[in-house]
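One structure is given below, encoded as structure tokens.
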Amino acid sequence: MTLNELKLQQKAVITALNHQDIALASRIMALGLVPGETIELMNVAPMGCPLQVKVGDTLISVRKSDASLIALQTAG
């Protein structure tokens with residue numbers, strides 16, 4: 001499953017960043033989106049992009065195209 005497939009208020013654990021651009025992957029990880037962190041989808045913009053996610057106590061906006069590259073594992 002990837003971040004763009006998560007449902008509202010659903011939580012999951014980040015397992016991998018599948019991005020070829022190392023610079024962009026580094027920026028995403030600098031925001032706290034790193035493997036092992038729990039992430040929760042809080043909101044989706046009316047047109048479907050961006051997604052607002054919560055990692056720890058931080059809210060982050062992520063483009064849908066970038067969200068499709070963040071692999072997750074759900075708890076259940």
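Computed over heavy atoms, backbone and side chain alike; hydrogens, waters and symmetry mates excluded.
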Item to check | Working for side chain to side chain contact (heavy atoms under 4.5 Å, CB included), residues L8 and V44 | outcome: CA-CA 8 Å; L8 282 177; V44 179; 4.1 Å; yes
Item to check | Shared hydrophobic cluster, M42 / I14 (ILVMFWY, side-chain heavy atoms < 4.5 Å) | outcome: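 No, it is not one cluster - the side chains of M42 and I14 are not joined through contacts under 4.5 Å.
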Checklist entry - In the single-linkage hydrophobic clustering (I, L, V, M, F, W, Y; side-chain heavy atoms under 4.5 Å), do I28 and L41 co-cluster? => result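 Yes.
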State, yes or no, whether a side-chain contact exists between [X] and [Y] at a heavy-atom distance under 4.5 Å.
{"X": "L17", "Y": "M29", "answer": "yes"}
{"X": "M1", "Y": "T74", "answer": "yes"}
{"X": "Q10", "Y": "E40", "answer": "no"}
{"X": "I70", "Y": "L72", "answer": "yes"}

Table please: side-chain donor-acceptor pairs of residues 51-63 below 3.5 Å, with sequence neighbours left out.
residue, atom, partner, partner atom, Å
R63, NE, D66, OD2, 3.0
R63, NH2, D66, OD2, 2.9

Item to check | Heavy-atom closest contact (Q73 atom, T15 atom, distance) | outcome: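 So the two residues come closest at CB-CG2, 3.7 Å.
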Next on the checklist: Restricting to non-hydrogen atoms, name the atom on S68 and the atom on S65 that form the minimum distance, rounded to 0.1 Å.
Outcome noted: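 So the minimum-distance heavy-atom pair works out to OG-O, 2.7 Å.
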Next on the checklist: For V34, is there any backbone N or O sitting under 3.5 Å from a side-chain donor or acceptor partner on E37?
Outcome noted: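 Checked: no pair found.
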Checklist entry - Would the number of heavy atoms belonging to other residues, nucleotides or ligands and lying under 6.0 Å from CD of Q20 be above 12? => result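 It does not: Q20 CD has 12 such atoms or fewer within range.
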Checklist entry - Does CD1 belonging to I22 count more than 12 external heavy atoms closer than 6.0 Å? => result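 12 or below, so no.
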Checklist entry - Measuring from L33:CG to L3:CG, what's the distance to the nearest 0.5 Å? => result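 Here the interatomic distance stands at 7.5 Å.
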Checklist entry - Considering residues at least two apart in sequence or located in another chain, which fulfil the salt bridge (charged side-chain N to carboxylate O under 4.0 Å, His left out) criterion with R27? => result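 R27 satisfies salt bridge (charged side-chain N to carboxylate O under 4.0 Å, His left out) with no residue once adjacent residues are dropped.
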